[in-house]
Undergrad: 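Okay, here's the structure, questions in a sec.
Below, chains carry the letters A, B, ... as their sequence lines are ordered, and counting in each starts from 1.
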There are 2 protein chains.
Amino acid sequence: MAMAVAQHRVSSSGSSINKHFDAAGKYVRYTAEQVEALERVYAECPKPSSLRRQQLIRECPILSNVDPKQIKVWFQNRRCRDKQRKESSRLQTVNKKLSAMNKLLMEENDRLQKQVSQLVCENGYMKQQLHTTLAEFLSKATGTAVDWVQMPGMKPGPDSVGIFAISQSCRGVAARACGLVSLEPTKV
Amino acid sequence: MAMAVAQHRVSSSGSSINKHFDAAGKYVRYTAEQVEALERVYAECPKPSSLRRQQLIRECPILSNVDPKQIKVWFQNRRCRDKQRKESSRLQTVNKKLSAMNKLLMEENDRLQKQVSQLVCENGYMKQQLHTTLAEFLSKATGTAVDWVQMPGMKPGPDSVGIFAISQSCRGVAARACGLVSLEPTKV
DNA sequence: AACTAATCAGTGGTAACAAA
DNA sequence: TTTGTTACCACTGATTAGTT
């Protein structure tokens, strides 16, 4: 069943210059050699001019049967396919890189997180040590009460350490000790 | 120019059951109503059975002229192209999310980085203060050497702090000296 | 058989450019 | 200016090859 193909302007019949139908009425796909020849040109010039296309047809005996319009269409479709494929693979590679980057960042984050808590711990430990050690010193050495006072610019509470004031009785000794401390807030 | 369209098994001619060629030989696209009807079915069932397709043709007067095979092909193409589009947009949204995640992670990383250097700085400062203050203190008060001892659970070296032990001879003086230290953590 | 993936070609819409 | 040609692109219908 079935024959009869729409022909635009075929002179007689045998010359097979039709759309995707052969003279026999069969849907035609380009042969591997034809595609190869077309691909070769496409590789170096994806958008050949009309002249270049005609030249291609002349140069390539495999393509001599093909309508110039078909060549044009082939390049159009080829560009379209290429565009889709390129976009897809581009997105995929970007995705992979982003995922890898993400993983690294999360690991680095973890590492930093641990480092922070470690440092916070050490910090707290040091403060406490300082605190308790000095308090112990004082109480053991003098038996005098110690009043903690807040420093300007420092939050009160257990996490901050203020200097302490000593009852009048031991001030003299403290003064002689001099030296003493200034605290810089280690701005970054 | 041209008529004659490939007909699969049309009885006579006028009944227009052809592929994408009209009886007049023109390439035919489905009308908006036809597409709408097809889309409606596709929305609830992208892969209708042959029976469902026949039923669709019977139900829908707009599609009565269409070859069942065309309906089948329409669904095939629809699925294929939908798949491509979905994949593309999926990749794009994944990309966006990954980028956003990346940005957040980098910001968090920055924040942690700063926090770490801040803490390291504070830590170092505290150690040095502790060290120099007490050394100075002791040397001024007694002239006696100070031995640093390592604390259990803390790493040795310049980055870690131990409590200090003072030689027996100057304990009393050190204790009496008091005065002293405040530590500013400047929390973030 | 129907399905998927790839392919070829037609249509509509748009932009560039030259002739009327 | 308008009109016509030309090429391009996005979309779409249909066909084939290969798979399930």
Undergrad: Are B/Leu38 and B/Phe75 packed together at the side-chain level, in the sense that at least one heavy-atom pair is separated by less than 4.5 angstrom?
TA: yes

Undergrad: Donor-acceptor pair, A/Ser88 side chain versus A/Arg85 backbone, under 3.5 Å?
TA: no

Undergrad: Would you kindly give the CZ-to-P distance between B/Arg78 and D/dC11, to the nearest whole Å?
TA: 12 Å

Undergrad: To check you understand the geometry: which heavy-atom pair defines the closest contact between A/Pro48 and A/Arg79, and what is its length?
TA: CD-NH1, 4.5 Å

Undergrad: Can you check each nucleotide of nucleotides 1-7 of chain C against protein heavy atoms at under 4.0 Å and return B for base, S for sugar-phosphate only, - for none, in 5' to 3' order?
TA: -SSBSBB

Undergrad: Going by an N to O cut-off under 4.0 Å, is there a salt bridge joining A/Glu44 and A/Arg52?
TA: yes

Undergrad: Quick check: closest heavy atoms across B/Ser99 and A/Leu98, and the distance to 0.1 Å?
TA: OG-CD1, 3.6 Å

Undergrad: Side-chain N or O of A/Gln70 versus OP1/OP2 of C/dA9: is the shortest distance under 4.0 Å?
TA: yes

Undergrad: In whole angstrom, what separates A/Ile71's CD1 from C/dC8's P?
TA: 11 Å

